[in-house]
2 protein chains.
Amino acid sequence: MRPSKRDELVRRALNIFYREGFHATGMDLLSGETGISKTTMFKHFHSKDELILAVLRLRDQDFRTWLFRRMEEAGEPRAQLLAMFDALAEWFAKPDFRSCMFIKAASEYPDPDHPIHVQSAEHKRMLFRQLQAIAAEAGAKDPAGLARALLLLKEGAIVTAHLGHEADPAGDAKAVAEKLISAALD
Amino acid sequence: MRPSKRDELVRRALNIFYREGFHATGMDLLSGETGISKTTMFKHFHSKDELILAVLRLRDQDFRTWLFRRMEEAGEPRAQLLAMFDALAEWFAKPDFRSCMFIKAASEYPDPDHPIHVQSAEHKRMLFRQLQAIAAEAGAKDPAGLARALLLLKEGAIVTAHLGHEADPAGDAKAVAEKLISAALD
DNA sequence: ATGAAAGTGTACAGATCAGTTCATCTTGGA
DNA sequence: TCCAAGATGAACTGATCTGTACACTTTCAT
């Protein structure tokens, strides 16, 4: 019960929503693509919105785990902060990169009180907390301020990688980040 | 014949698409809210996608005109570059601010070859060209590089204002921009 | 082996979707 | 005054949407 089918549905729904969008993906298509009957889907999740929320929880877990693992591999805190942008470059280079799932979710559910919007915002807040902690470890004078600035660059790089014509938004962001980090740690 | 009805439709459709999203807004609702009959709508635009493209053209015009006018009011080129972030702060403070229409459009039409996606990307490219010109006027050593960096901050601030919990993303972005501009003009 | 839990396929409801058809009405210029 | 172009309302097509109903099968622990 607890293992397979439900998790498999969420995992495969994640990929389809990410590729096609939320409104553009119907439950029938989802059932066809995942091979899981619609009856079962609605037994696990009482509505499409609930399924989307589960997808976003999974994506939040996966993404933060992946990102901060990549950063930890870089060694000391200062190097970790910079490594975020190398991880981004790696992500952008994937052929199936299609921007950030939470930016997309917030775009499709623009009402700020909608649960999907709220949960997307929560993801960004958790990213901020983790980044702030690393900035503090690195000895930044203003860890919160540094984390906010680095996240601005991160979000900007994601949007630009998805929508722009620039060659290397992650590299551009990293160059700015280097200056900020140097200044913040004097 | 060329004036009113058609332009009025595009203008009012813009507001509704911006507030509710593209997929979430049906042509019937659009007809009801604008008071323009569906027959007339489909006489002017052969499909919903064509209407959306017209909406995006209008938004591109309006936004760039508004932004660069605000920047010009700041005086010399260096001040103009910084004024972009004051304009953003002004925009974010509006109660009906709901992120950037082109980020949203690209989110809802993620296929990079889709005309709506292509046109959204074109908007970002034109912003870049105009910003690069001002950076050159200001005497930047690498106008293109400075423009790219400032746009990263702009896009990041927009996403964060829409999705984050931060108090003043435009101010944060401006603080980083000041350092970049100082360094670029030495 | 039995019985409950989980999953299945199919058909359906009721709403909404983009887009069309058609007969009628309004408008403005010659 | 007349005529053509533009606009209208309402009904309609056929597809698709979320969500449900129901009878059936599979799985698996006891």
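Lettering follows sequence order; numbering is per chain, from 1.
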Listing time: all N or O pairs from protein to nucleotides 10-13 of chain D that are below 3.5 Å?
from   : atom 1 : to      : atom 2 : distance (Å)
D/dA10 : N6     : B/Thr39 : OG1    : 3.3

Just the rounded figure in Å: distance from [atom2] of [N] to [atom1] of [X].
X       : N      : atom1 : atom2 : answer
B/Phe45 : D/dA7  : CZ    : C1'   : 15 Å
A/Leu51 : D/dT18 : CG    : C1'   : 12 Å
A/Leu29 : C/dC17 : CG    : P     : 19 Å
A/Met27 : C/dC12 : CE    : C1'   : 17 Å
A/Glu8  : C/dG7  : CD    : P     : 10 Å
B/Leu9  : D/dG6  : CG    : P     : 16 Å
A/Ile36 : C/dT10 : CD1   : P     : 17 Å
A/Arg6  : C/dA5  : CZ    : P     : 18 Å

Subject >> Nearest-0.5 Å distance, NE2 of residue B/His117 to CG of residue A/Leu163 >> reply: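 Rounded to the nearest 0.5 Å, the NE2-CG separation comes to 5.5 Å.
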
Subject >> Closest listed nucleotide, where the reference is the side chain of B/Ser47 and the choices are C/dG19, C/dG7, D/dG19 >> reply: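 In terms of side-chain proximity for B/Ser47, the closest of C/dG19, C/dG7, D/dG19 is C/dG19.
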
**OP:** Pick base, sugar-phosphate or nothing for A/Thr25, based on heavy-atom distances below 4.0 Å to the nucleic acid.
**Re:**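 Sugar-phosphate only.
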
Can you tell me if [X] touches the phosphate of [N], counting only side-chain N or O atoms and a distance under 4.0 Å to OP1 or OP2?
X       : N      : result
A/Lys48 : D/dT18 : yes
B/Thr40 : D/dA7  : no
B/His46 : C/dA18 : no
B/His44 : D/dG6  : no

**OP:** Report the residue (A/Ala24 or A/Lys43) whose heavy-atom-nearest nucleotide on DNA chain D is the more 5′ of the two.
**Re:**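 On the 5' side of the pair lies A/Ala24.
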
Subject >> With B/Glu122 via side-chain hydrogen bond (donor to acceptor under 3.5 Å, both in side chains) - residues at least two apart >> reply: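 So B/Glu122 forms a side-chain hydrogen bond (donor to acceptor under 3.5 Å, both in side chains) with B/Arg125.
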
Subject >> Charged tip of A/Arg59 within 45° of A/Tyr18 ring normal and under 6.0 Å >> reply: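 Yes, cation above the ring, under 6.0 Å and within 45°.
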
Subject >> A/Gly35 vs B/Phe42, nearer the 5' end of DNA chain C by closest nucleotide >> reply: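 On the 5' side of the pair lies A/Gly35.
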
**OP:** State yes or no: are the ring centers of A/Tyr109 and A/His23 separated by less than 6.0 Å?
**Re:**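 Yes.
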
Original post:
Between B/Arg78 and B/Glu137, does at least one N-O distance fall below 4.0 Å, as a salt bridge requires?
Top reply: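 The answer is no: the pair does not qualify as a salt bridge.
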
**OP:** Could you tell me whether B/Lys174 and B/Asp86 have a side-chain N and a carboxylate O separated by less than 4.0 Å?
**Re:**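 The answer is yes: the pair qualifies as a salt bridge.
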
Subject >> A/Glu20: partners by side-chain contact (heavy atoms from CB on, under 4.5 Å), with sequence neighbours left out >> reply: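 If we apply the side-chain contact (heavy atoms from CB on, under 4.5 Å) test to A/Glu20, skipping adjacent residues, the hits are A/Ile16, A/Thr25.
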
